[in-house]
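Here the structure comes first, spelled out in structure tokens, and everything after it is commentary.
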2 protein chains.
Amino acid sequence: MAVSPRVPTLKDVAELAGVHVATASRALSNAQSHLVNEATREKVSSAAAELGYRTNALARSLRRGASGTLGVVVADLANPFIVNLVRGIEQETRPKDLLPLIVETRDDPARLRSTVQQLLYSRVDAIILAAAHLSDAEYVADLAGQLPVVLAVRGFDEQGPTGGSLLEVMQDDLLGTRAAVEHLLHLGHRRLAEIRGPQTISSFANRSRGFQEAIAAWPGAEDLSPGLYAAQGDVSEGRRIAAELLAIPHDSRPTAIFAHNDLLAVGALEALRDAGLSCPEDLSIVGYNDAPLVDHLDPPLTTVRLPSNEIGRQSARLAIAAIDGQTGAAPTRLMLLPEFVQRGSTRSFAEAA
Amino acid sequence: MAVSPRVPTLKDVAELAGVHVATASRALSNAQSHLVNEATREKVSSAAAELGYRTNALARSLRRGASGTLGVVVADLANPFIVNLVRGIEQETRPKDLLPLIVETRDDPARLRSTVQQLLYSRVDAIILAAAHLSDAEYVADLAGQLPVVLAVRGFDEQGPTGGSLLEVMQDDLLGTRAAVEHLLHLGHRRLAEIRGPQTISSFANRSRGFQEAIAAWPGAEDLSPGLYAAQGDVSEGRRIAAELLAIPHDSRPTAIFAHNDLLAVGALEALRDAGLSCPEDLSIVGYNDAPLVDHLDPPLTTVRLPSNEIGRQSARLAIAAIDGQTGAAPTRLMLLPEFVQRGSTRSFAEAA
DNA sequence: TTGAAAGCGCTAACAA
DNA sequence: TTGTTAGCGCTTTCAA
């Protein structure tokens, strides 16, 4: 790196253009350049171009009292669904000159707090939180007292001290789950089980609720889920729990499994293979999320697709509206629709038997 | 959001503690708190705690002339390899109180420029660039004249006007490719082909070079690659190009394919299926990257794993060293080693025939 | 339409 | 060990 002469400031631009810094500031600002003489504005612009001037966002933010940044807290960047969410956010923030600051919690409550601190310290103008655990309700409610907070994907389900001041953009887990489970029921399956993700996360808690409700509403349907919960929503946990299920004698074993996400479903697929069984002949499996490549598995996974990009966009819109002070104008809670995706990992029970 | 009283400043803390702001500043700073009387420091700390004071990073950065942020430019957040890179970076920046600002280019040269502008405007202290195209050499060289730039994963291969001032952390594509191709050759394959990613990206250009060199060095080995290049490294392009290959009459058709990444390999798998053929019986396929779930495909994909987390860590270390002004002290170019991963998508030619 | 002046919140000489 | 002072680069009243 060559030692550069020095980064030019507005003062340099003003001097070169022969005007006061205030004038230079106005000339360069979109909102105020109309207050400036055409010719003067030209002079300033070309001076800025000549020097390679670039506004110092730090100084501008300090002076304006707004940083022009938006905190985005996600649990897991490796979750492809999250990437679409982030991109949706970015699509909305770009035209507004807002910079998303992305931090990751890895589903660790301590990291949620420390990353949020980091964002507050950076003076983000709002936060989109897609990483909440149910137990974070109080913390988040308090946070929402300090700056606008949009809860994305994961919420608190009316429980806890959420004072109604939170904005939310959710996806209907109950609906998605019902579509998946009713698909299995329509196929003739009656002995079902779910592989549950951590119940500290609203999405998984709702999927469990949706599963139970769907079973209860269907005469003759039974829930055979083991009393186990996945510690994480990953392949190895799916495998572990499915193995328990497969240990049940054939006659009373479930014929179909609803896994709370695709990785758990892939684990179930593995357990099935370990047991010398196959899908969908011996067992039907449904996942959730429609992760990349699950359509290329053997068999291609039946699953539920989330409107992740749209969740991101709507979250960003709510955040922007809140920053602009339009409290109350926008709806407080948006519920978007998931889409059931039928593929090869499910088949009718009659056929299977 | 309740209207909060006002965010407390250092002045508020100082007043409550009954000291000057400068003293409060020192007391709260790690580097200078030793200059402050134990009792005074206590007073300041508890005043800060009482008010819920949080340093304003904007003001601090402006004053210090360093933002405490590190720009991270990636091509594609959906690439799982990139997530590990980002996490590696984060592991190194966290203890240093540096905040990574992550932006995505989607492999669009215009977006590379606009996102970098965004970072410069935010006054990042350095940039880690994992999204370069070969044609960006000049632009990046110029950028490196303005602030420390670390090139990760993708470089410029000595071509172009890179004045040697750039830091680089690469992964040895030549070596990884050679391992993959020699694996195929040892299995008895002689008619090979590659499915090339966009040659404007150094990784793919090097994989192609590695492929050609490995073939050339092996007596009797032939390259049957079609004169086609994938426009993107995705499944549909892999499928398209593999279909061309499979249109060749059986006797002269390649018996093994080296795909420049896993998605291209998955596309080849699809094309094979489309043609009513199977892998590895009719064709061996190797990918690159070891993406999630490729070990669960049918067949599990033989591939090459990148040390992505380590690339991230090393990149961050170089960036931090450069920020701290340790130019020249650290090596300028690090080359890390990939790891060949043998799975089920490759088998010996004899067996196959 | 432009300039003067103040100040966002903080830190770092320098002085006491 | 603490206070004084100045100023990082910018925007925004207020006056002219």
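Chain letters run A, B, ... following the sequence lines, proteins first, then strands; residues in each count from 1.
- Rounded to an integer number of Å, the gap from A/Leu28 CG to D/dT12 C1' is 16 Å.
- In this structure, CE in A/Met170 is found 6.0 Å from OG in A/Ser202, a value given to the nearest 0.5 Å.
- How far CG of A/Leu143 is from CZ of A/Arg113: 10.0 Å, rounded to the nearest 0.5 Å.
- Note that the NE2 atom of B/His133 and the OH atom of B/Tyr139 stand 13.5 Å from one another [nearest 0.5 Å].
- Residue B/Thr40 is classed as a sugar-phosphate contact, given heavy-atom separations below 4.0 Å to backbone atoms only.
- Between the CZ atom of B/Arg41 and the C1' atom of D/dT2 there is a distance of 14 Å, given to the nearest Å.
- Look at NE2 on B/His34: it is 9 Å from P on D/dT1, rounded to the nearest Å.
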Just distance, no hydrogens or angles: give the donor-acceptor pairs under 3.5 Å from side chains in residues 26-33 of chain B, sequence neighbours left out.
unit_1	atom_1	unit_2	atom_2	d
B/Ser29	OG	B/Ala31	N	3.3
B/Ser29	OG	B/Gln32	N	2.9
B/Ser33	OG	B/Ser29	O	3.4

So if I define the base as every atom that isn't primed, P, OP1 or OP2, how would nucleotides 8-16 of chain C read as a B/S/- string at a heavy-atom cutoff under 4.0 Å? BBBBBB---

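- For the atom pair CD (B/Gln91) and CG (B/Asn309), the distance works out to 4.5 Å, reported to the nearest 0.5 Å.
- D/dT1 atom P lies 15 Å from atom CD of B/Glu42, rounded to whole Å.
- Contacts of A/Leu336 classified as side-chain contact (heavy atoms from CB on, under 4.5 Å), with partners at least two apart in sequence or in another chain: A/Val169, A/Pro307, A/Glu310, A/Ile311, A/Gln314.
- Axis angle across the helix from C/dT1-D/dA16 to C/dA16-D/dT1, with five pairs used at each end and values rounded to 10°: 40°.
- For the side-chain contact (heavy atoms from CB on, under 4.5 Å) test, residues two or more places apart in sequence or in another chain that qualify with B/Val21 are B/Lys11, B/Ala14.
- When the side-chain contact (heavy atoms from CB on, under 4.5 Å) test is applied to A/Leu99, the partners found at least two apart in sequence or on another chain are A/Thr69, A/Leu101, B/Leu101, B/Val103, B/Gln118, B/Ser122.
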